[in-house]
2 protein chains.
Amino acid sequence: MVNAASILMPMRSYAQYCGLAKALDVVGDRWTLLIVRELLIAGPCRYTDLLNGLPGIATNLLSDRLTQLEAAGLIRQAVAPPVATTLYRLTPRGEELREVIRALGRWAGPLLGQRLRSDTFRGHWLALPLELYLADRTPQRAPIAIVRSGGEILVLETNLGGIRTRPGPADRPDAVLSGPPELVLGVLLGRIDLAAGRSRGLQFEGDPKVLGRLRPAREVKT
Amino acid sequence: MVNAASILMPMRSYAQYCGLAKALDVVGDRWTLLIVRELLIAGPCRYTDLLNGLPGIATNLLSDRLTQLEAAGLIRQAVAPPVATTLYRLTPRGEELREVIRALGRWAGPLLGQRLRSDTFRGHWLALPLELYLADRTPQRAPIAIVRSGGEILVLETNLGGIRTRPGPADRPDAVLSGPPELVLGVLLGRIDLAAGRSRGLQFEGDPKVLGRLRPAREVKT
DNA sequence: CCGCATCCGGGGCGATACTG
DNA sequence: CAGTATCGCCCCGGATGCGG
């Protein structure tokens, strides 16, 4: 039965004629931008995929946020032939939040130095910092692929001097990294020596030289 | 007496090893980014200035947020000779949020089309959209200044092809605009004809030709 | 199993009063 | 002027139920 009483208030508005305030009226409440993150880096998702990609969220909150996001025109539900269930996907307007999320991700660089024991992790979350902080030193050479293997597989590929990522698996990767994400990130960004990473639990297969092709795309403070 | 029980919990953390989540742990709760906006476009502020620039905020929340922002290293308190009271100002780390706020402001462009009757307004808020959406068509010519006069005075100046704003007053401005902000914005962005703006309550003094030097810096959808 | 809806306890938030 | 104190309310978080 449809609950007629669940009017679902769209978040308390700041009621300010200011772009920032208007933006926060739409994407400012808790979990909203993280849901957009999931849809941006993982593509169209089922409800369960979102629950799994957002550890800590309550199911009712996810449901509420999806309703609000759809009402705001940022996502839409669609049935896709490969899966029987409905998928949530970003609209073009929702995709435009990519630059907002990239700006926040860049600002957060220094906050990713250490990982707290209480911090959860999902493999595909590495896509954001890797694309933001890493570049290809010799773009004229053949592309390389590096797989970060762990619960999930994330393929990192050079692309015109930049880096692209996609869900795995990869076909004959040049290297495979496995282990705690802060070590994978540290070694790829050059903040941690490969030998030091290995001694702390990182597993590496392939030619270490391919790591030399990668360089930090910008100053990343610790 | 100091209340020993007010431990001021620093917002519930997402506890995710992800840059976006870490950023939102710091600036994600209500009012925080708006406080940063005030300090960015108005410069160092007194407590009362912030209260006035953030209509709707409760005094205890402002106090809490300032404490959290200082603990996070984004602002600091300082006594400045001109005023007897303490001023809040951004640290360099806090200033780095400018690009985050600009990204959100750009995304919010379409949301500034109409102004609700319940929307409050402060003159200096126009600084954000004007610097984001406006450019100078003929940067080689002498700079111009346009004053938007209303409760506050905001001076708009051309600067190397871009636009800069500063608090007024201006010395011999080329033009003066007064009236509702949505009309001022509409006319400056070319979305509203000057004649149409005047008929709806906009006041304009000076040479209308100076408006022709300004052009939208990017596609601004309605 | 998937996609929610419902219920409930706690705390963040909003409005106001008050104080140095 | 610059906050602190207090008090409801409602959002949030966690658990559970339940139809498809």
Here the gap from L128(B) atom CG to T165(B) atom OG1, rounded to the nearest 0.5 Å, amounts to 9.0 Å
[X] has a side chain; which of [options] sits nearest to it?
X: D29(B); options: dC12(D), dC13(C), dC4(C); value: dC13(C)
X: Y47(B); options: dG14(D), dG3(D), dG14(C); value: dG3(D)
X: R46(A); options: dG14(C), dG3(C), dC12(D); value: dG3(C)
X: S63(B); options: dC4(C), dG3(D), dA15(C); value: dG3(D)

Rounded to whole Å, how long is the line connecting atom [atom1] of [X] with atom [atom2] of [N]?
X: Y14(B); N: dG12(C); atom1: OH; atom2: P; value: 14 Å
X: D25(A); N: dC11(D); atom1: CG; atom2: P; value: 14 Å
X: L62(A); N: dG3(C); atom1: CG; atom2: P; value: 10 Å

| task | Assess whether one donor atom and one acceptor atom, taken from the side chain of N60(B) and the base of dG14(C), lie less than 3.5 Å apart. | result | yes
Do T59(B) and dA15(C) share a donor-acceptor pair, side chain to base, under 3.5 Å? no
Distance below 4.0 Å between [X] side-chain N/O and [N] OP1 or OP2:
X: R65(B); N: dC13(C); result: yes
X: Y88(A); N: dC2(C); result: no
X: W31(B); N: dG12(C); result: no
X: R30(B); N: dG14(C); result: yes

So, are E157(B) and R166(B) salt-bridged, with charged N and O less than 4.0 Å apart?
yes
A cation-pi test, strictly: NZ or CZ of R98(A) under 6.0 Å from the centre of the six-membered ring of W107(B) and no more than 45 degrees from its axis. Yes or no? no
Exercise for the section: Kindly determine whether L134(A) and L156(A) satisfy side chain to side chain contact (heavy atoms under 4.5 Å, CB included), including the steps that lead there. Expected result: CA-CA 10 Å; L134(A) 217 54; L156(A) 186 158; 4.2 Å; yes
For Q77(A), I'd like to know if atom CD has over 12 heavy atoms of other residues, nucleotides or ligands within 6.0 Å. yes
Nearest-nucleotide check on DNA chain D, T48(B) vs G56(A); residue mapping nearer the 5' end is T48(B)
